[in-house]
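This report concerns only the one structure given below.
Here, residue 1 is the first one in the sequence, and each next residue gets the next number.
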Amino acid sequence: AKVWGWDRDFAELPGLSRVRSVQVSAPRPSSAPRLVQTKLNREGYAVDRGVFDQWLVGLAARKGARVWTETAVENMDGAREQGIWGARVRANDGHEKIELRARHWVNATGRRPAVTIPGKISRPFFACKTVFKGVRGLAGSVALHFIERGHVGLNPISPNEATLCLCVDGRYIKEAHGNLDQMIREFMSANPNLKHQLRDASRVSDWQTCQAEPDGRTIFYQDQKFFIGDALSMVNPVIGGGIPIAMQSGVMLANVLVDASRTGQSEAEAAAAFERAWKKTFAQKFGFGKAIGRAERSPVVSRLALGALSAAPGLLSGLFKMSRPTP
């Protein structure tokens with residue numbers, strides 16, 4: 001928030017938890033497991049996603065954006081006349097209708113379904129999250145605990161509560177017969193650090209699940225439309241940072257379009273400039289994410305990688321710093 005000048009607004013958010021470091025662990029057979037903790041290259045905050053989303057909408061409105069909620073596009077022919085898009089938006093009550101006209105179309109619709117490659121064996125991953133109360137040892141830190149074919153993250157959202165997020169091979173949920181709590185107990189048995197932090201904790205919210213198959217293609221500009229956020233490309237969940245990347249992509253695209261308008265560049269030229277700026281900032285991070293994702297999806301590679309990381313925990317710190325996207 002400080003990078004974009006929103007730190008004063010951000011400080012008003014309730015339930016902020018300051019985050020200064022990350023804890024990373026891999027499964028170990030030892031009864032005294034090794035936990036690696038490394039400082040973040042930029043201090044941050046953890047906050048409940050629902051609270052953050054409400055704040056972000058309010059911030060956009062305060063900055064001059066017009067916000068409509070619970071609405072649907074009623075008419076969008078896809079036609080563009082004299083460089084202007086037109087659409088009609090209808091409120092859910094079916095009465096209020098709003099005519100929209102815009103010079104640019106920005107697609108920020110979120111994650112695209114992953115592309116299935118014919119003849120290639122797919123190992124579907126899935127993600128889910130919940131909130132635990134009474135998690136140990138997270139003061140000022142977030143935690144990332146690896147298991148074979150996946151990882152579990154803990155993110156403090158209050159002094160006594162933390163969001164648990166995971167991204168794992170879909171076979172785990174089958175093996176647990178759909179019982180997510182049982183699945184977590186199995187992960188705790190596999191990773192003693194995770195077991196230590198959740199030993200006295202209890203789940204206080206429902207599970208929320210989704211598919212977690214990033215579509216690795218990047219789409220910057222297509223059919224005269226710009227793309228940002230997960231609609232552009234989804235970073236592998238093990239790296240995270242999807243929301244900051246989406247926000248920074250929006251700022252980046254806005255700056256490019258303002259410059260293009262001032263200098264008389266065409267939209268295609270602006271799209272090329274946006275692609276160059278995005279790749280310069282994020283391409284390396286996404287590359288690391290893909291590499292880690294491939295390692296997680298292979299049982300053999302995952303086992304070998306976790307063994308190496310357990311034997312040389314300094315690798316975890318270096319890997320995190322190299323892959324973590326920052327504004």
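No single ILVMFWY cluster, assembled from side-chain heavy atoms under 4.5 Å apart, contains both V131 and V47. If you chain together hydrophobic residues whose side chains sit under 4.5 Å apart, I243 and I157 never meet in one group. Criterion: ILVMFWY side-chain heavy atoms under 4.5 Å apart, direct or through other members. Under it, V51 and L56 are part of a common hydrophobic cluster. F126 and W207 fall within the same hydrophobic cluster, defined by Ile, Leu, Val, Met, Phe, Trp and Tyr side-chain heavy atoms under 4.5 Å apart, directly or through other members. No continuous path of ILVMFWY side-chain contacts below 4.5 Å connects V204 to L198, so the two sit in separate hydrophobic clusters.
Of the listed residues (F227, W85, F226), just one forms a ring pair (Phe, Tyr, Trp, His ring centres under 6.0 Å) with W105, and that residue is W85.
Nearest heavy atoms, A143 versus H145: CB-NE2, 3.6 Å. Of all heavy-atom pairs spanning N179 and Q182, the tightest one is OD1-N, 3.0 Å. Nearest heavy-atom pair, N193 versus S25, reported as atom, atom and distance to 0.1 Å: ND2-CB, 3.3 Å. Between A246 and G229, the shortest heavy-atom distance links the atoms CB-CA, 3.6 Å. Across all non-hydrogen atoms, the minimal contact from E269 to S266 is OE1-N, 2.8 Å. Looking at every heavy atom in both residues, Q197 comes nearest to G137 through NE2-O, 3.4 Å.
Aromatic ring pairs are classed by plane angle as parallel below 30°, tilted from 30° to 60° and perpendicular above 60°; the pair F146 and H151 is tilted.
If you take NZ on K129 and CG on L180, they are separated by 14.5 Å, rounding to the nearest 0.5 Å. One distance of note links CG of L154 with CG of L194; it measures 6.5 Å at 0.5 Å rounding. To the nearest 0.5 angstrom, H104 atom NE2 is 11.5 Å from Q224 atom CD. Once rounded to the nearest 0.5 Å, the distance linking NZ of K174 with CG of D169 reads 9.0 Å. For the atom pair CG (L138) and CZ (F132), the distance works out to 12.5 Å, reported to the nearest 0.5 Å. Separation of atoms OG1 (T218) and CZ (F286) is listed at 9.0 Å; rounding is to 0.5 Å.
A distance-only check finds a donor-acceptor pair linking the side chain of D48 to the backbone of G50 [under 3.5 Å]. Proximity of a side-chain donor or acceptor of S205 to a complementary backbone N or O of T130 within less than 3.5 Å is not detected. The backbone N or O of I245 lies less than 3.5 Å from a partner atom in the side chain of S249, making a donor-acceptor pair.
Surrounding CZ of R103 are at most 12 heavy atoms belonging to other residues, nucleotides or ligands under 6.0 Å away. Within a 6.0 Å sphere centred on CZ of R62, other residues, nucleotides and ligands contribute more than 12 heavy atoms.
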> How far apart are the C-alpha atoms of L166 and M183, what are their side-chain angles, what is the distance that settles it, and do they pass the side chain to side chain contact (heavy atoms under 4.5 Å, CB included) test?
Replying inline: CA-CA 11 Å; L166 59 82; M183 185 180 66; 3.9 Å; yes

>> If you apply the rule side chain to side chain contact (heavy atoms under 4.5 Å, CB included), what do you find for K280 with R276, and how did you get there?
In response: CA-CA 6 Å; K280 181 178 179 181; R276 288 193 298 270; over 6 Å; no

>> Apply side chain to side chain contact (heavy atoms under 4.5 Å, CB included) to residues Y221 and F274 and explain how you reach the verdict.
In response: CA-CA 9 Å; Y221 183 70; F274 173 51; over 6 Å; no

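Salt-bridge check for R185 with D181: failed, with every basic side-chain N at 4.0 Å or more from each acidic carboxylate O.
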